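Keep in mind that this is a model prediction, so the values were computed, not measured. Below, read A as the first sequence line, B as the second, and so on, with proteins coming before strands; counting in each chain starts at 1. For the numbers below, each heavy atom of this structure counts, side chains included, while hydrogens, waters and symmetry mates do not.
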Protein chains: 2
Amino acid sequence: MKSEGDRLLESLAALANPHRLRIIEALQTNGRTYVSQLAREIGISRPLLHLHLRKLEDAGLVTSRLELSDEGKALNFYEVLPFDIALTPTSVADAAQSLSPPSKTSEA
Amino acid sequence: MKSEGDRLLESLAALANPHRLRIIEALQTNGRTYVSQLAREIGISRPLLHLHLRKLEDAGLVTSRLELSDEGKALNFYEVLPFDIALTPTSVADAAQSLSPPSKTSEA
DNA sequence: ACCACCTGTCAGAAAAATCTTACAAGGTTA
DNA sequence: TAACCTTGTAAGATTTTTCTGACAGGTGGT
């Protein structure tokens, strides 16, 4: 089971990258897109985008759904999920209390 | 000059680390402390804490002030600044527009 | 002088994140 | 068949972040 602190940490790590901020921007502004198209829009390689998208999806900030286009091609569409994270000294301190210990034998 | 996107990115990177979340927690819960004392509380080495504190301070999330104790010793006290960052798809997309380009010859 | 604190910083190791290149496979169209 | 689009992934290099250990200096007390 993942604690609130661990989930906050994962979300922060997912957002703390310029490419991933731009990915959110592109999906939020232009709406849902598939991977190759998004790679062209942002201007990065597709394998690299794939890595960033996985990080965002693992953190629960975006979702993907495989769809078939009219021509029968399988396109993987991504869209932003409606997250809402408030960062204040109090909320951070509160979440930090439930962080997993740094020991080696603790992660689930 | 640092854009809103760059400042958000710096804040996110500063918070995206378990040690630094714990630092915020300790300072917020127990109030202001000096470096060596904080290192003992959290259980990390002083040079390592120094590194994390610098990152938090660069991002504008904590401040430090050198003070003289009653015994005349110079103690460097840290405290949390009252930050308030809201993370939503809209706010992130908005900030991402002002991110510095990834080119090599752009940082000021 | 010595010990016990405090401060900072530097060099190098270790770990994690990032990025590129190349491969493998599917479908559609000519 | 070949060309063009899509998908994923794996290996290896590069870069960044994290961490340790050692050093240097300050003050106060024994």
Which residue pairs pass the salt bridge (charged side-chain N to carboxylate O under 4.0 Å, His left out) test when at least one of the two sits in residues 66-86 of chain B, sequence neighbours left out?
B:Arg32-B:Glu67, B:Arg32-B:Glu79, B:Arg65-B:Glu67
Using the rule given for salt bridge (Lys or Arg N to Asp or Glu O under 4.0 Å), can you reason through A:Lys55 versus A:Glu10, listing the C-alpha separation, both sets of side-chain angles and the distance that settles it, and then say yes or no?
CA-CA 9 Å; A:Lys55 216 151 200 170; A:Glu10 191 176 15; over 6 Å; no
B:Ser91 and B:Asp94: CA distance, side-chain angles, deciding distance, side chain to side chain donor-acceptor pair (under 3.5 Å) verdict:
CA-CA 5 Å; B:Ser91 73; B:Asp94 191 59; over 6 Å; no
Under 4.0 Å between a side-chain N/O of A:Ser45 and OP1 or OP2 of C:dC19, yes or no?
no
Scoring nucleotides 2-16 of chain D by protein non-hydrogen atoms under 4.0 Å (B base, S sugar-phosphate only, - none) yields ---SSBBB-------
I want to check something: taking the side chain as every heavy atom from C-beta on, are A:Tyr78 and A:Thr33 in contact at a cut-off of under 4.5 Å?
no
Between C1' on D:dT18 and CG on B:Leu53, what's the gap in Å once rounded to a whole number?
15 Å
Which parts of residues 7-31 of chain B get close to DNA chain C, meaning a heavy atom less than 4.0 angstrom away?
none
Nearest-Å distance, CG (B:Leu38) to P (C:dG8)?
12 Å
Are the side chains of A:Leu68 and A:Leu75 in contact, using a 4.5 Å heavy-atom criterion?
no
Between C:dT18, C:dT28, D:dT17, which one does the side chain of A:Lys55 approach most closely?
C:dT18
Just N and O in the side chain of B:His52: are any of them under 4.0 Å from OP1 or OP2 of D:dC19?
yes
Whole angstroms only, please: what is the CG-P distance between A:Leu49 and C:dT18?
13 Å
How long is the span from the OG atom in B:Ser64 to the CG atom in B:Leu56, to the nearest 0.5 Å?
11.5 Å
What's the verdict on side chain to side chain contact (heavy atoms under 4.5 Å, CB included) for B:Ile85 and B:Ser11, showing C-alpha distance, side-chain angles and the deciding distance?
CA-CA 9 Å; B:Ile85 303 172; B:Ser11 297; 3.7 Å; yes
Quick one, B:Leu81 with B:Leu61, criterion side chain to side chain contact (heavy atoms under 4.5 Å, CB included). Give me CA distance, side-chain angles, the key distance, then yes/no.
CA-CA 5 Å; B:Leu81 288 174; B:Leu61 302 174; 5.9 Å; no
Rounded to whole Å, please give me the gap between CG in A:Leu56 and P in C:dT18.
10 Å
Intermediate values then yes/no, side chain to side chain contact (heavy atoms under 4.5 Å, CB included), B:Leu15 and B:Arg20
CA-CA 6 Å; B:Leu15 289 174; B:Arg20 295 197 284 271; over 6 Å; no
Starting at atom CG of B:Asp70, determine the distance to atom P of D:dG29, rounded to an integer number of angstrom.
11 Å
